[in-house]
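Counting from 1, the numbers follow the sequence of the chain as shown. Whatever order the structure lists ligands and atoms in, that order sets their numbers, starting from 1. All of these numbers come straight from a predicted model, not from anything done at the bench. No hydrogens, no waters, no symmetry mates; every other heavy atom, side chains included, goes into these values.
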Amino acid sequence: MIEIDNVSKWYGDFNVLKHCTTSVTKGEVVVVCGPSGSGKSTLIKTVNGLEEFQEGDIRVDGTALKDKSTNLPKLRSRVGMVFQHFELFPHLKITENLCLGQMKVLGRDRETAMKKATALLERVGLEAHAHKFPGQLSGGQQQRVAIARALCMDPIVMLFDEPTSALDPEMVNEVLDVMVELAREGMTMMVVTHEMGFARKVANRVIFMDRGEIVEDATKDDFFGKPRSERAQQFLSKIL
Ligand code: ADP
Ligand code: MG
């Protein structure tokens, strides 16, 4: 579903991604971890074309991002993205947040969009909040809305960038629970997170990044059993 092939990226002189190669197959859940500044967000943003890269290739569902004939906005609409900060439209009610992309990008009529929005709000347990504004919800609830909004677009893959790291601790689990359910239903997911409990529960593979490199790309059992690299071992010993 996602193929990242020898990708390198620079910000000016700064080499932020160095020969990154990995892939995510359909239905797989891949957790990306590593120290702050190691390039995790940059990597995940290159996958849906939010960041350019200078070398290598990325294909999403067989479509090469670099191919000039690729309709990037269309491809991007099929890749769900959930960030650390919820990025809901503050002036729109929850239902409108969920309908907007469906109507504007996918061309659904209001009734169809509303049906989908209602079903997904139910799925994340927030149907009672449909007519509120984002500011009236807690951080955990807003993040669940952000996930529902992404799912409204029928994504073929979901990317998460530290979706729980801006939340108060008591709200982390309600968001992780939604993600665990999604993983168990077979959604293809690439998740930047330091929630190793989540990784242990549902990850198929764990990628460890350091200074722009993919240092480790292992099955969950191998990674938690004993990472090969010293850098990953040190990282794990600090966060576990
Ligand atoms: P992570 O998500 O692992 O914390 P990032 O991908 O956000 O790391 O950033 C990797 C490195 O790239 C950091 O050193 C960061 O300062 C740098 N960086 C990120 N965005 C930019 C940018 N737009 N311009 C220059 N440097 C950047
Ligand atoms: Mg980041």
Under-4.0 Å salt bridge between K45 and D161 = no
Are R110 and E96 within salt-bridge range, i.e. N to O under 4.0 Å?
-> yes
Can a non-hydrogen atom of G12 be found less than 4.0 Å from any atom of ligand 1?
-> no
From G212, G39, G34 - option closest to atom 8 (O) of ligand 1 by heavy atom | G39
Under the 3.5 angstrom rule, does the side chain of K9 hit a backbone N or O of E52 as a donor-acceptor pair?
-> yes
Within the distance-only criterion (no hydrogens, no angle test), does the side chain of T25 pair as donor or acceptor with the backbone N or O of E28 below 3.5 angstrom?
-> no
Tell me, which protein residue and heavy-atom name are nearest [atom], and how many Å apart are they?
atom: atom 19 (C) of ligand 1; answer: Y11 CE1, 3.5 Å
atom: atom 7 (O) of ligand 1; answer: S41 CB, 3.7 Å
atom: atom 6 (O) of ligand 1; answer: T42 OG1, 2.5 Å
atom: atom 3 (O) of ligand 1; answer: K40 NZ, 2.8 Å
atom: atom 17 (C) of ligand 1; answer: F14 CE2, 3.9 Å

With only distance considered, is G37 within less than 3.5 Å of ligand 1 through an N or O on each side?
-> yes
Mode of V16 contact toward ligand 1 - side chain, backbone, both, neither (heavy atoms, under 4.0 Å) | side chain
N, O or S of S41 under 2.8 Å from the Mg ion (ligand 2) = yes
Qualifying residue, where the test is side chain to side chain contact (heavy atoms under 4.5 Å, CB included) with R108 and the options are K115, M114, Q102 = Q102
Roughly how far, to the nearest 0.5 Å, is CD1 of I214 from NE2 of H19?
-> 12.0 Å
Looking at atom 15 (C) of ligand 1, would you say a protein heavy atom lies below 4.0 Å from it?
-> no
Under 6.0 Å from the six-membered ring centre of F89 and within 45° of its axis: does the NZ or CZ of R149 meet both?
-> yes
Hydrophobic cluster membership, V191 vs V30, 4.5 Å side-chain cutoff | no
